[in-house]
Amino acid sequence: MANNQDPRNIFVNQRSNYSDGKQEQPRDRQPQRETPVSNTPKDDYATRVEEMKRLASKYEREGEGQLVKDIVNNVIEQKARGNLTNEQLIAFAKRVTPLLNAEQRSRLNGLLEELLKL
């Protein structure tokens, strides 16, 4: 999944490092699972929903500052690997913007400007 070019999933690697608010080793360094994981769309959706719930809980505890730090670090890492372009960042922001209020949009635009400079 590291080569996923879908801008909606640019933080998938970051999400995979967290479980119940504790940072784990990246999945590629963990031993193989004993039970096979089903790849049906329903299971994939349920897994993503659970990941989003864990992330929401984590950042509710740690705050917006930690979220911004994690986003910046992830963008730097993904750009260095060549897995993320400025166009993908812009596309992601355009998809997220309608879900935000005016204050959140303003903060996102400021963050986006900084991320495009990296």
Side-chain angles (χ1 to χ4, degrees):
M1 204 179 271
N3 292 327
N4 189 340
Q5 298 299 315
D6 188 338
R8 294 172 293 179
N9 296 321
I10 63 175
F11 302 113
V12 72
N13 291 333
Q14 186 74 21
R15 289 192 310 258
S16 69
N17 291 335
Y18 295 97
S19 175
D20 298 328
K22 296 180 183 176
Q23 190 165 0
E24 299 178 343
Q25 292 296 321
R27 289 183 183 176
D28 57 345
R29 294 184 189 167
Q30 292 179 348
Q32 294 291 333
R33 296 176 189 221
E34 295 179 13
T35 352
V37 176
S38 173
N39 290 330
T40 64
K42 185 177 182 178
D43 290 339
D44 188 45
Y45 176 77
T47 301
R48 286 183 175 195
V49 168
E50 286 305 313
E51 287 176 10
M52 294 305 292
K53 286 180 181 178
R54 282 192 298 270
L55 277 173
S57 175
K58 174 189 183 317
Y59 291 115
E60 187 175 24
R61 286 189 312 272
E62 295 181 6
E64 184 179 327
Q66 184 62 44
L67 173 62
V68 171
K69 286 180 190 175
D70 288 349
I71 290 171
V72 170
N73 289 337
N74 190 279
V75 167
I76 290 169
E77 180 182 318
Q78 294 299 319
K79 279 188 168 186
R81 290 183 183 167
N83 295 337
L84 182 63
T85 65
N86 285 345
E87 291 77 22
Q88 288 173 313
L89 284 170
I90 292 167
F92 175 77
K94 284 181 181 179
R95 285 193 174 116
V96 172
T97 298
L99 305 173
L100 306 175
N101 63 35
E103 180 184 340
Q104 292 168 330
R105 266 184 247 134
S106 175
R107 290 194 312 238
L108 175 63
N109 289 333
L111 179 59
L112 181 62
E113 288 177 19
E114 294 298 318
L115 294 175
L116 293 175
K117 294 176 187 177
L118 299 176

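On a predicted model such as this, the values are computed, not experimentally measured, just so you know.
Looking only at distances, a side-chain donor or acceptor of Thr97 sits under 3.5 Å from a matching main-chain atom of Ala93. The backbone N or O of Thr85 lies less than 3.5 Å from a partner atom in the side chain of Gln88, making a donor-acceptor pair. Using modelled atom types, no side-chain atom of Asn74 and backbone atom of Asp70 make a donor-acceptor pair closer than 3.5 Å. Using modelled atom types, one side-chain atom of Gln104 and one backbone atom of Asn101 make a donor-acceptor pair closer than 3.5 Å.
For the atom pair CD of Glu113 and CG of Leu115, the computed distance is 10.0 Å after rounding to the nearest 0.5 Å. Taking CG from Leu112 and CZ from Arg105, the interatomic distance works out to 14.5 Å, rounded to the nearest 0.5 Å. Atoms CZ and CG, from Phe92 and Leu84 in turn, are 10.5 Å apart once rounded to the nearest 0.5 Å. Separation of atoms CG (Leu89) and CD (Gln78) is listed at 10.0 Å; rounding is to 0.5 Å.
Using a 3.5 Å distance cut-off with no hydrogens or angles, the side chains of Glu77 and Asn73 do not pair a donor with an acceptor.
A salt bridge links Lys117 and Glu114; the closest N-O separation between the charged side-chain nitrogens and carboxylate oxygens is under 4.0 Å.
Residues Leu111 and Val72 meet the side-chain proximity criterion, which asks for heavy atoms closer than 4.5 Å. Between Arg61 and Gln66 the shortest side-chain heavy-atom distance does not fall below 4.5 Å.
For the residue pair Leu118 and Lys79, the shortest heavy atom distance occurs at O-NZ, 3.1 Å.
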